[in-house]
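Taking it in order: structure first as structure tokens, then the write-up.
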Amino acid sequence: MARALDKYLRKGLSGTTFCPGCGHGILLGSLLRAVDELGLDIHKTLFVSGIGCAAWIPSPHINADTLHTVHGRAVAYATGAKMANPELTTIVVSGDGDLASIGGNHLIHAARRGIDLTVICANNEIYGMTGGQTAPTTPIDAHTMTDPEGNQYRPFDLAALVLAAGADYVARWPVTRARALTESIKRAISTHGFSFVEALSPCPTQFGRRNQFDSIPALYDDLDAHCVERGTSEAAPATNGPRFEIGEFSRSDLFANGSAEQK
Ligand SMILES: Cc1ncc(C[n+]2csc(CCOP(=O)(O)OP(=O)(O)O)c2C)c(N)n1
Ligand code: SF4
Ligand SMILES: [Mg+2]
């Protein structure tokens, strides 16, 4: 299968830019499988990213039109491209810092407006590329370069955020569940309107190293142990720390606790 996806990779690359064990490579694989299984016309597909390790998932790797833009502005560029050519399947792939910190307003307003884009957020809970600063997705008490004593602020629930803003399709999966992730990316790309897939993607170099994970498998096992698939009887997470509800989400989930239905 890996060979079958080679045709989507740019020729002449001398390996990947990712550190050993980076989840972003698994996400690249899931994305290419989704493109392949959907039979997308690569000549009518545009990949857009901002700046960060995650922004390197499409560019330089994917042999298609890629727009590697400036930090925080991937969704704005993608919106412009889609307006100029509505026939273009436009897929944004970028990091949690890029999309939800500096780019947060572009994200929520594109969701609110129902712009026909697919946004895939590689959430590693940190700014990986720039040395491991706290992101708006960093869990409480996690250690980062800027919070050596542990982060104090609660993280965004990105799936809930874009759903509340009006997204038409939302899913969240860890890269450890690559098949489910691929299926959600396919559904997201097939959705007319704003679709969002959050891929929980471990960063051994910045997050793992600062949070006492002594091996790459330990970091992956910990992520998986903190994920609970919605609608299943999966056991509660075995360890302390953040709990990720994973799966597909709909707007009715936001009001499941009896709060007023949004008009
Ligand atoms: C306007 C601007 N501000 C800050 C930066 C520095 N910068 C580059 S990437 C980045 C964060 C990347 O984090 P994320 O998007 O989560 O990607 P990751 O590296 O974690 O995959 C920052 C702060 C920049 N390039 N431009
Ligand atoms: S610093 Fe982290 S996110 Fe960046 S390539 Fe390395 S492992 Fe991946
Ligand atoms: Mg990040």
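Remember, predicted model here, so these are calculated numbers, not experimental data. Ligands are counted one by one from 1 in listed order, and the atoms in each one are counted from 1 as well.
Among the atoms of Gly95, no N, O or S atom is found under 2.8 Å from the Mg ion (ligand 3). Metal site remark for the Mg ion (ligand 3): Asn123 contributes no N, O or S atom at a distance under 2.8 Å. Coordination check, His24 versus atom 2 (Fe) of ligand 2: failed, since every N/O/S atom of the residue sits at 2.8 Å or beyond.
Other residues, nucleotides and ligands contribute at most 12 non-hydrogen atoms within 6.0 Å of the CZ atom of Phe156. When the shell of 6.0 Å around CE of Met83 is examined, it contains 12 or fewer heavy atoms from other residues, nucleotides or ligands. The number of heavy atoms from other shown groups lying within 6.0 Å of CZ (Arg209) is above 12.
Atom 7 (N) of ligand 1 has its closest protein heavy atom at Thr130 CG2, 3.4 Å. At the shortest separation from atom 13 (O) of ligand 1 among protein heavy atoms lies Tyr127 CA, 3.6 Å. In terms of protein heavy atoms, atom 4 (Fe) of ligand 2 is closest to Cys53 SG, 2.3 Å. Looking only at protein heavy atoms, the nearest one to atom 2 (Fe) of ligand 2 is Cys203 SG, 2.3 Å. The closest protein non-hydrogen atom to atom 14 (P) of ligand 1 is Gly97 N, 3.6 Å. Distance from atom 26 (N) of ligand 1 to its nearest protein heavy atom, with residue and atom name: His71 CB, 3.3 Å.
Counting atoms of ligand 1 from 1 in the listed order, those under 4.0 Å from a heavy atom of Gly128 are 18 (P), 19 (O), 20 (O). In the vicinity of Asp98, heavy-atom distances shorter than 4.0 Å reach the ligand 1 atoms 14 (P), 15 (O). Shown in contact with Asn124 at under 4.0 Å from a heavy atom are these atoms of ligand 2, numbered in order with element: 3 (S). Close approach of ligand 1 to Gly52 (heavy-atom distance below 4.0 Å) involves ligand atoms 9 (S), 12 (C), 17 (O), 19 (O). Near Cys22, meaning under 4.0 Å from one of its heavy atoms, ligand 2 places the atoms 3 (S), 5 (S), 7 (S), 8 (Fe). Counting atoms of ligand 1 from 1 in the listed order, those under 4.0 Å from a heavy atom of Asn124 are 18 (P), 20 (O), 21 (O). Heavy-atom proximity to Pro204, at under 4.0 Å, picks out these atoms of ligand 2: 7 (S). Atoms of ligand 2 lying under 4.0 Å from at least one heavy atom of Cys19, given by number and element, are 1 (S), 5 (S), 6 (Fe), 7 (S).
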query = Yes or no on side chain to side chain contact (heavy atoms under 4.5 Å, CB included) for Ile189 and Ile91, after CA distance, side-chain angles and deciding distance?
reply = CA-CA 8 Å; Ile189 293 171; Ile91 303 171; 3.6 Å; yes
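Backbone and side-chain nitrogen or oxygen atoms of Met129 are examined, and one is located within less than 3.5 angstrom of a nitrogen or oxygen of ligand 1. Note: an N/O pair closer than 3.5 Å links Asp96 and ligand 1 by distance alone. For a threshold of 3.5 Å applied to N or O pairs, the pair formed by Ile102 and ligand 1 contains no separation below that value.
Within the 4.0 Å heavy-atom shell around ligand 1 one finds His24.
Between the Ser49 side chain and the Ala55 main chain, a donor and an acceptor come within less than 3.5 Å of each other. A donor-acceptor pair under 3.5 Å is formed between the side chain of Tyr220 and the backbone N or O of Gly21. Proximity of a side-chain donor or acceptor of Ser30 to a complementary backbone N or O of Ala178 within less than 3.5 Å is detected.
Between Asp168 and Ser195, the side chains place no donor N or O within less than 3.5 Å of an acceptor N or O (distance only, hydrogens not considered). Side chains of Thr146 and Tyr127: no donor on one and acceptor on the other come within 3.5 Å. Between the side chains of Ser184 and Trp173, at least one donor-acceptor pair of N or O atoms lies under 3.5 Å. A donor and an acceptor atom, one from each side chain of Thr134 and Asp147, are located under 3.5 Å apart.
Taking the six-membered ring for Trp, Phe18 and His61 have ring centres closer than 6.0 Å.
A salt bridge between Asp98 and Arg73 is absent, with no side-chain N of the basic residue lying under 4.0 Å from a carboxylate O of the acidic one.
Considering just the N/O/S atoms of Asp96, the one nearest the Mg ion (ligand 3) carries the name OD1.
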